[in-house]
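Residues take their numbers from the sequence shown, with the count starting at 1.
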Amino acid sequence: MHTARYVWTALAGALAVLAIVATLCAILISPLLGSLVALGGVLWMLFQHHAHLARLVRWAHRPIGQAPLPQASGLWDLVYSDLNRNVRQASTERAKLSAELARFRDASQAMPDGVMYLSLTGSIEWINRRAAEDLGLDLARDRGAPITNLVRQPDFVHYLEAGDYSEPFLFHPVRRKGAALLVQVITFGDGRRMVISRDVTQIEKLETMRRDFVANVSHELRTPLTVVSGFIETVLDGLDDVPREDVLRYLGMAHEQAARMQRLIQDLLMLSALETGAPQPVEDVFDVVGLVREVARETEALSAGRHQVTVVASDMCRIQGSAKELHSAFANLASNAIRYSPNGGEIQLRWRLLESGAGEFCVSDNGIGIAPEHIPRLTERFYRVDRGRSRETGGTGLGLAIVKHVLTRHQAELKITSDPGEGSCFCAVLPARRIAPTRS
């Protein structure tokens with residue numbers, strides 16, 4: 001309404017001035033001159049409006065904001081003023097929208113999940129860095145290309161084309177060996193699709209470990225339970241016919257298997273407490289050499305004279321930590337040496353202070369040794385280099401896993417060196433801050 005009012009007012013004013021001038025010329029000079037003035041004035045006004053309109057059209061064909069509005073006076077100055085105000089408002093709104101879009105893109109790029117937008121034809125309209133890494137795509141080169149031309153795995157293509165996105169899809173990309181992605185498609189707008197990918201590799205590994213753990217525990221318990229049940233059934237079925245010596249032998253074997261199950265359960269409970277972040281035990285300062293000698297006595301008892309056990313512990317000192325947990329770790333290292341060393345083998349338990357101030361407890365043997373490919377996996381639960389030998393000697397397969405967690409709780413580390421046929425050396429290195437001076 002405001003625009004129409006000033007346009008009509010300006011036009012009426014110009015026509016009124018022209019009419020007055022033409023009338024004066026007709027009265028004072030001649031009617032012909034008055035008519036010529038009126039006609040010329042109208043033509044001049046039409047020419048001026050046409051020229052301003054042409055400049056406005058040329059300006060409108062240029063990109064917004066890249067060319068200033070033409071200069072004018074009178075009616076067109078008012079028109080250009082309104083246009084200039086609208087252009088400034090549009091530029092401000094466009095700048096705000098650009099800033100919001102930039103923030104949205106930055107937020108999308110920072111998301112821990114992959115996000116990709118697909119057009120109606122399945123071409124990539126936009127993709128963030130996480131999605132590009134998940135699917136092995138290039139952010140710049142692959143934009144605009146059909147996704148099924150870039151990720152050609154049949155299961156992925158079928159999921160996109162099936163159109164049933166009610167459930168996510170577990171996807172293993174060939175470009176990332178061992179990786180697992182949980183892919184979810186969400187439709188929006190006029191048929192476009194948003195593809196969200198989440199890296200669940202670690203979760204899948206944990207689930208695999210859980211299944212393996214349950215299977216291993218079941219297997220470890222099934223064998224001794226079968227033995228115990230078999231001996232009991234044998235004794236019950238032939239109690240009157242089986243000699244007393246055989247009964248005692250069967251019961252002794254059953255007792256050994258029951259003790260093995262008890263050790264397994266105790267190790268499982270201890271490992272569970274260590275892995276679930278159980279509260280740190282009350283720490284104290286104790287004589288480490290005394291602890292080493294106590295472990296040596298237990299090792300000799302386990303060996304039953306079948307091995308030569310020696311102790312080298314000349315560096316007298318005390319350490320700060322949990323005596324119970326460190327005793328368990330040191331004893332597990334020593335018992336492993338007994339289990340994997342043949343009769344007549346030599347086992348050495350050594351404690352010493354390093355030049356860095358750290359303390360080192362080592363158990364070395366001249367047993368069967370360990371091949372290099374097994375060493376990185378020795379601390380896994382139920383991982384055994386020789387399953388038959390470990391079971392024969394009463395091992396649970398959890399000892400080194402317990403050692404690893406105990407040392408981690410004491411900020412210590414486990415070092416393993418071994419040569420097949422030459423023997424092995426397991427060292428627990430405690431940090432210098434846990435070494436306390438001896439009492440004077």
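You'll find the side chain of Val363 stays beyond 4.5 Å of the side chain of Gln348, heavy atoms only. Taking 4.5 Å as the limit, some side-chain heavy atom of Val174 sits within range of a side-chain heavy atom of Gln153. Thr379 places none of its side-chain heavy atoms less than 4.5 Å from the side chain of Val403. Counting heavy atoms from C-beta on, the side chains of Leu135 and Met116 come closer than 4.5 Å. Glu125 has its side chain out of reach of Arg143: every pair of non-hydrogen atoms, C-beta onward, lies at least 4.5 Å apart. Residues Ile338 and Thr299 form a side-chain contact, since some pair of their non-hydrogen atoms from C-beta on lies under 4.5 Å apart. Between Val183 and Ile196, the closest side-chain pair of non-hydrogen atoms is not below 4.5 Å. Considering only heavy atoms from C-beta on, Leu120 comes within 4.5 Å of Asp190 through its side chain.
Across all non-hydrogen atoms, the minimal contact from Arg192 to Ser119 is CG-CA, 4.2 Å. Of all the heavy atoms in Leu139 and Ile127, the pair that sits closest is CD2-O, 3.4 Å. For the pair Asn366 and Gly345, the tightest heavy-atom approach, listed with the atom from each and the gap, is OD1-CA, 3.5 Å. The minimum heavy-atom distance between Ile124 and Leu137, with the atom names listed, is CD1-CD1, 4.0 Å. The two residues Gly114 and Asn128 come nearest to each other via the heavy atoms CA-OD1, 3.6 Å. Shortest non-hydrogen contact noted between Ser356 and Ala432 is O-CB, 3.9 Å.
A side-chain donor-acceptor contact under 3.5 Å links Arg339 and Ser335.
The aromatic rings of Phe330 and Phe361 sit parallel, their planes meeting at an angle under 30°, below the 60° perpendicular limit. Ring pair Phe188/Tyr117 is perpendicular by interplanar angle, where above 60° counts as perpendicular and below 30° as parallel.
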- Quick one: do Trp351 and Val312 satisfy side-chain contact (heavy atoms from CB on, under 4.5 Å)? Show the steps, please. CA-CA 6 Å; Trp351 168 263; Val312 178; over 6 Å; no
- Asp113/Arg198 under salt bridge (Lys or Arg N to Asp or Glu O under 4.0 Å): CA gap, chis, key distance, verdict: CA-CA 5 Å; Asp113 296 337; Arg198 175 170 296 177; 2.8 Å; yes
- Item | CA sep, side-chain torsions, deciding dist, call: Ile347, Thr310, side-chain contact (heavy atoms from CB on, under 4.5 Å) | CA-CA 6 Å; Ile347 312 295; Thr310 59; over 6 Å; no
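Atom OG1 of Thr201 sits about 11.0 Å away from atom CG of Leu182, to the nearest 0.5 Å. Between the OG atom in Ser303 and the CG atom in Asn343 there is a gap of 7.5 Å [rounded to 0.5 Å]. One finds the CG atom of Leu181 at 4.5 Å from the CG atom of Asp134 (value rounded to the nearest 0.5 Å). Taking CZ of Phe169 as the start and NE2 of His158 as the end, the distance is 9.0 Å to the nearest 0.5 Å. Taken to the nearest 0.5 Å, the CZ atom of Arg103 stands 4.0 Å off from the CD atom of Glu100. Separating the NE2 atom in His374 from the CD1 atom in Ile416 is a distance of 12.5 Å, to the nearest 0.5 Å.
Residues satisfying the side-chain hydrogen bond (donor to acceptor under 3.5 Å, both in side chains) test with Asp155, not counting sequence neighbours, are none. Considering only residues two or more places apart in sequence or on other chains, Asp164 meets the side-chain contact (heavy atoms from CB on, under 4.5 Å) condition with Ser166. Qualifying salt bridge (charged side-chain N to carboxylate O under 4.0 Å, His left out) partners for Glu167, counting only residues two or more places apart in sequence or in other chains: none. Residues meeting the side-chain hydrogen bond (donor to acceptor under 3.5 Å, both in side chains) test with Arg193, sequence neighbours left out: Tyr165. Judged as a side-chain hydrogen bond (donor to acceptor under 3.5 Å, both in side chains), and not counting sequence neighbours, the contacts of Glu298 are His327. The side-chain hydrogen bond (donor to acceptor under 3.5 Å, both in side chains) check on Gln202 picks up nothing, with sequence neighbours excluded. Scanning for ring-ring contact (aromatic ring centres under 6.0 Å, His included) contacts around Phe426 gives an empty result, with sequence neighbours left out. Residues that satisfy the side-chain contact (heavy atoms from CB on, under 4.5 Å) test with Arg352, not counting sequence neighbours, are Asp315, Arg350, Leu354, Glu360. Under the side-chain contact (heavy atoms from CB on, under 4.5 Å) criterion, Ile203 pairs with Val200, not counting sequence neighbours. Under the side-chain contact (heavy atoms from CB on, under 4.5 Å) criterion, Thr408 pairs with Lys404, sequence neighbours left out.
In terms of modelled atom types and a separation under 3.5 Å, the side chain of Arg434 and the main chain of Gln320 share a donor-acceptor contact. Remark: side-chain polar atoms of Arg141 are not paired, donor with acceptor, to backbone N or O of Asp138 under 3.5 angstrom. Judged by distance alone, the side chain of Arg152 and the main-chain N or O of Asn149 form a donor-acceptor pair under 3.5 Å. Checking side-chain atoms of Asp419 against main-chain N and O of Glu422 turns up no donor-acceptor pair under 3.5 Å. His307 contributes no side-chain N or O that, together with a main-chain N or O of Ala337, makes up a donor-acceptor pair within less than 3.5 Å.
Sequence neighbours left out, not one pair with a member in residues 139-196 passes disulfide (SG to SG under 2.5 Å). Listed by first then second residue, pairs satisfying disulfide (SG to SG under 2.5 Å) with a partner in residues 333-370 read Cys362-Cys427, not counting sequence neighbours.
Salt bridge present: Arg130 and Glu133 bring a charged side-chain N and a carboxylate O closer than 4.0 Å.
Each of Ser341, Ser364, Ser418 was evaluated against Ser424; a single residue qualifies, Ser418, per the side-chain hydrogen bond (donor to acceptor under 3.5 Å, both in side chains) test.
Heavy atoms from other residues, nucleotides or ligands lying under 6.0 Å from CD of Glu413 number more than 12.
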